Novice: 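Pasting a structure here, questions to come.
The analysis underlying the following values was restricted to heavy atoms, covering all of them including side chains, and did not include hydrogens, waters or symmetry mates. Keep in mind the model is a prediction, meaning the values are calculated, not measured. Chain letters run A, B, ... following the sequence lines, proteins first and then strands; every chain starts at 1.
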Amino acid sequence: MPSEQEMIQQRLDKRARLLQAADPYPARVRRTHTTAAAVEAFTAGGEVEGATEVTVVGRVTAQRVMGKAAFLDLRDGSGRLQLHFRRDVLDDFEHLSLVDLGDFLEVTGSMFRTRTGEVTVGVASWRVITKALRPLPEKWHGLTDTEARYRQRYLDLIANERSREIARSRSIIVSAIRQFFLDRGFLEVETPVLQEHAGGAAARPFLTHHNALDRDLFMRISLELHLKRLLVGGFEKVFEIGRVFRNEGVSYRHNPEFTLLESYEAYADYHDVAAMVEELLGFVAMRVHGTTEFNHGDVSLSLKTPFARTTYHGALLEHTGIDYRQYPTTAALLGVARARNVPVSDGASWATILDGLMSTFVEPKLVQPTFIFDYPTALSPLAKKKVDDEDTVERFELFALGYEIANAYSELNDPVDQRERMEAQSAKQVEGDDEVEVADEDFLVAIEHGMPPAGGLGIGVDRVVQLITGEHSLREVILFPTMRDRGDE
RNA sequence: GGGCCCGUAGCUCAGUGGUCAGAGCAGUGGACUUUUAAUCCAUCGGUCCUGGGUUCGAAUCCCAGUGGGCCCA
């Protein structure tokens with residue numbers, strides 16, 4: 001019999017023996033203090049031995065048994081507290097042999113300080129409130145196997161304080177973002193995940209099927225087109241924090257589902273949005289770090305306003321010497337890319353090649369937060385063209401630590417222009433490029449009713465968490481990242 | 001997409017062609033009434049990721065696959 005099975009069987013036997021005395025999984029437990037509050041109450045009360053009675057609950061994380069006495073460590077959400085069991089005090093002392101690391105206990109007793117100085121509960125009564133059947137990771141080295149940490153995140157959270165800290169930071173970040181927008185009078189909304197067309201971005205969607213309607217539906221790849229419908233409907237400031245799904249590879253940089261924030265503000269333009277993004281990131285950093293300047297390893301990052309600003313054309317010129325306007329045809333630009341050893345897939349469009357140059361030579365250099373303004377029209381079918389230059393649109397992206405954090409436009413609201421550009425994208429799809437914007441007739445009809453001028457914003461929330469926590473891998477900031485099949489079950 | 005590294009007990013890891021694959025922690029049995037990585041004695045526990053191949057002999061070498069990580073694009 002495999003040893004893991006043996007250990008489980010031993011614990012099942014203990015569970016059965018516990019059951020003879022009392023249910024080791026009671027529905028109701030008593031708790032007068034968290035472990036942190038118990039220590040606090042003891043010290044606040046002048047550390048008088050026997051004066052502070054507490055009932056605490058938590059998980060057993062260590063056992064030091066010495067014949068007629070035992071010390072156990074109990075951990076709850078607030079911290080850790082030592083328990084002291086004595087045979088001369090407890091008539092059920094022998095039942096401690098039925099307790100394993102990982103079990104949950106409810107313990108009542110009075111606080112004292114041991115001669116080695118540790119605040120401890122002298123246990124007067126106790127019971128098991130959850131019997132665990134499987135062993136936890138090793139107490140000293142914990143769980144380091146990356147794969148196990150992702151696949152069994154609960155074990156990672158038990159074993160690694162850093163993982164708990166990232167999860168807490170993420171929660172603070174998301175609630176800070178929400179508060180930031182609510183404070184500015186934005187309305188938080190929820191729009192459909194299941195859509196007839198997966199629009200608003202260029203990405204492969206997931207396809208699913210509605211049985212009752214006998215109809216194929218796509219999972220959304222962005223929030224954009226429905227939020228814009230709400231601008232048509234008269235809301236002036238809306239935002240959504242939502243999960244989107246892109247049917248692409250998995251790696252430390254990409255997860256097929258990720259969290260996107262989008263906001264739309266009527267009567268604002270992309271410069272207004274840029275100013276708001278600066279404030280937003282500073283606000284979030286203050287909430288987590290208490291400062292806008294912090295270090296990640298040897299990189300010191302400043303989210304202090306204002307961020308650096310450059311243009312798409314200027315940034316590419318600066319980092320590569322390439323003036324892309326000199327290469328207006330696909331063939332010409334392809335020659336430039338090949339000369340620089342940038343791999344280009346067959347049939348790549350002019351816009352795709354240009355994007356490849358940017359992501360190869362410019363983006364990795366952008367460590368401190370940097371706005372890149374004014375993108376080529378061909379890359380941005382939903383952004384408004386510049387007044388004096390129809391090959392360029394009012395769009396910026398924000399980069400930091402070498403990756404994209406935010407993307408924003410002065411939103412295209414001319415329905416005629418919008419229709420032409422969506423149809424041009426659809427034509428590319430017919431040519432075989434499956435990562436293009438899809439024409440959404442229902443959306444076009446909506447904006448034909450009139451969508452006010454607006455500034456729109458998209459921010460990858462997972463990326464913001466990476467930026468603020470300094471985590472290199474997306475899989476560290478997503479609690480349950482998508483993993484491949486282990487293939488053994 | 002390409003390159004490199006890794007996968008051995010529940011966990012953390014040794015073991016680079018030669019007896020029956022090891023240690024620590026965890027588990028089990030014993031000693032121990034202020035320990036805290038408790039200590040001491042004894043002991044159980046293995047699909048060496050999977051499948052092929054080379055060899056008298058493979059955890060170890062080779063090939064393929066698979067899962068993970070890192071780097072490059």
Novice: Where do N or O atoms of nucleotides 69-73 of chain B meet protein N or O atoms at under 3.5 Å, pair by pair?
Specialist:
from, atom 1, to, atom 2, distance (Å)
rG69(B), OP1, R475(A), NH1, 2.6
rG69(B), OP2, R475(A), NH1, 3.0
rC71(B), OP2, H472(A), NE2, 3.2

Novice: Would you classify R151(A) as touching base, sugar-phosphate or nothing, given that sugar-phosphate means primed atoms plus P, OP1 and OP2, and contacts are heavy atoms under 4.0 Å?
Specialist: sugar-phosphate
Novice: Please report, rounded to the nearest Å, how far the C1' atom of rC11(B) is from the CD atom of Q152(A).
Specialist: 11 Å
Novice: When you check the phosphate oxygens OP1 and OP2 of rU35(B), does a side-chain N or O of R115(A) lie under 4.0 Å from one of them?
Specialist: yes
Novice: For the C1' atoms, the ones on rG1(B) and on rC13(B), what distance do you get once it is rounded to whole angstrom?
Specialist: 34 Å
Novice: Are the charged groups of R162(A) and E476(A) less than 4.0 angstrom apart, N to O?
Specialist: no
Novice: Distance check, P atoms only: rA9(B) and rG22(B), in whole angstrom units.
Specialist: 14 Å
Novice: Would R127(A) and D92(A) pass as an ion pair if we require N to O under 4.0 Å?
Specialist: no
Novice: Show me the pairs that pass salt bridge (charged side-chain N to carboxylate O under 4.0 Å, His left out) and involve residues 397-406 of chain A, at least two apart or across chains.
Specialist: R395(A)-E397(A)
Novice: Per the atom types in the model, does the base of rU35(B) pair as donor or acceptor with the side chain of Q82(A) at under 3.5 Å?
Specialist: yes
Novice: Tell me which nucleotide, if any, is Watson-Crick or G-U wobble paired with rG24(B) when both distances must be under 3.5 Å.
Specialist: rC11(B)
Novice: Once you apply a heavy-atom cut-off of 4.0 Å, does Q10(A) come out as touching a base, just sugar-phosphate, or nothing?
Specialist: sugar-phosphate
Novice: Hey, mind stepping through H197(A) and F218(A) against ring-ring contact (aromatic ring centres under 6.0 Å, His included) and telling me if it holds?
Specialist: CA-CA 6 Å; H197(A) 304 285; F218(A) 293 101; 7.6 Å; no
Novice: Which base sits across from rU35(B) as a Watson-Crick or G-U pair, both distances under 3.5 Å?
Specialist: none
Novice: Would you mind classifying the nucleic acid contact of F93(A) as base, sugar-phosphate or nothing, using non-hydrogen atoms under 4.0 angstrom?
Specialist: nothing
Novice: Report yes if some heavy atom in the side chain of D216(A) is under 4.5 Å from a heavy atom in the side chain of T208(A); otherwise report no.
Specialist: no
Novice: Is there side-chain contact between H313(A) and R325(A), with heavy atoms separated by less than 4.5 Å?
Specialist: yes
Novice: Give the nucleotide from the list rU33(B), rU35(B), rC25(B) with an atom nearest to the side chain of E138(A).
Specialist: rC25(B)
Novice: Send over the distance from E4(A) CD to rA9(B) P, rounded to a whole Å.
Specialist: 11 Å
Novice: When the P atoms of rG69(B) and rA59(B) are compared, how many Å lie between them, rounded to an integer?
Specialist: 28 Å
Novice: Please give the distance between the C1' atoms of rC6(B) and rC44(B) as a whole number of Å.
Specialist: 30 Å
Novice: Starting at atom NE2 of H84(A), determine the distance to atom P of rA38(B), rounded to an integer number of angstrom.
Specialist: 15 Å
Novice: Run the salt-bridge test on E278(A) and R309(A) with the 4.0 Å N-O cut-off and return the result as yes or no.
Specialist: yes
Novice: Going by purine N1 to pyrimidine N3 plus the second Watson-Crick contact, or the G-U wobble pair, all under 3.5 Å, which nucleotide sits opposite rC56(B)?
Specialist: rG18(B)
Novice: At 4.0 Å (heavy atoms only), tell me whether D145(A) reaches a base, stays on the sugar-phosphate, or touches nothing.
Specialist: sugar-phosphate
Novice: Relative to the 5' end of RNA chain B, which residue comes earlier, V65(A) or P137(A), by the nucleotide with the nearest heavy atom?
Specialist: P137(A)
Novice: Let's test this: given Watson-Crick or G-U wobble pairing with both distances under 3.5 Å, identify the partner of rC4(B).
Specialist: rG69(B)
Novice: I'd like the C1' distance from rG51(B) over to rU66(B), given in whole Å.
Specialist: 10 Å
Novice: Under 4.0 Å, heavy atoms only, any strand: does G356(A) hit a base, just the sugar-phosphate, or nothing?
Specialist: nothing
Novice: What's the closest nucleotide to the side chain of A69(A) if the choices are rU28(B), rA38(B), rU33(B)?
Specialist: rU33(B)
Novice: Mind jotting down which residue pairs meet the ring-ring contact (aromatic ring centres under 6.0 Å, His included) criterion with at least one end in residues 17-43 of chain A? Sequence neighbours excluded, please.
Specialist: none
Novice: Can you check the distance between rA14(B) and rG57(B), where both ends of the measurement are the C1' atom (answer in whole Å)?
Specialist: 23 Å
Novice: Between R168(A) and E165(A), does any side-chain N to carboxylate O distance fall below 4.0 Å?
Specialist: no
Novice: Should the side chain of T144(A) and the base of rU12(B) be counted as holding a donor-acceptor pair, with the cut-off at 3.5 Å?
Specialist: no
Novice: Over how many whole Å does the gap from D156(A) atom CG to rG10(B) atom P extend?
Specialist: 20 Å
Novice: Taking for each residue the nucleotide of RNA chain B with the nearest heavy atom, is it L101(A) or F71(A) whose nucleotide lies nearer the 5' end?
Specialist: L101(A)
Novice: Provide, to the nearest angstrom, the distance between the CD1 atom belonging to I158(A) and the C1' atom belonging to rG10(B).
Specialist: 13 Å
Novice: For the pair made of CG in D485(A) and P in rU50(B), what is the distance, rounded to whole Å?
Specialist: 18 Å
Novice: With a 4.0 Å limit, can you tell me whether Q63(A) has a side-chain N or O closer than that to the phosphate oxygens OP1/OP2 of rA26(B)?
Specialist: no
Novice: Verify the contact: side-chain N or O of R484(A) to OP1 or OP2 of rG68(B), cut-off strictly under 4.0 Å; return yes or no.
Specialist: yes
Novice: Whole Å only: how far is the CE atom of M7(A) from the P atom of rA26(B)?
Specialist: 12 Å
Novice: In whole angstroms, how far is the P atom of rC25(B) from the CG atom of L136(A)?
Specialist: 17 Å
Novice: For F258(A), is there any backbone N or O sitting under 3.5 Å from a side-chain donor or acceptor partner on N255(A)?
Specialist: no
Novice: Quick one: is K139(A) getting a side-chain N or O under 4.0 Å of the rG27(B) phosphate, OP1 or OP2?
Specialist: no
Novice: When you compare rC70(B) with rU28(B), how far apart are their C1' atoms, in angstrom units rounded to a whole number?
Specialist: 41 Å
Novice: Confirm from the modelled atom types if R64(A) and rU35(B) form a donor-acceptor pair under 3.5 Å, side chain to base only.
Specialist: yes
Novice: Using atom P in both nucleotides, what's the gap between rU43(B) and rA23(B) to the nearest angstrom?
Specialist: 10 Å
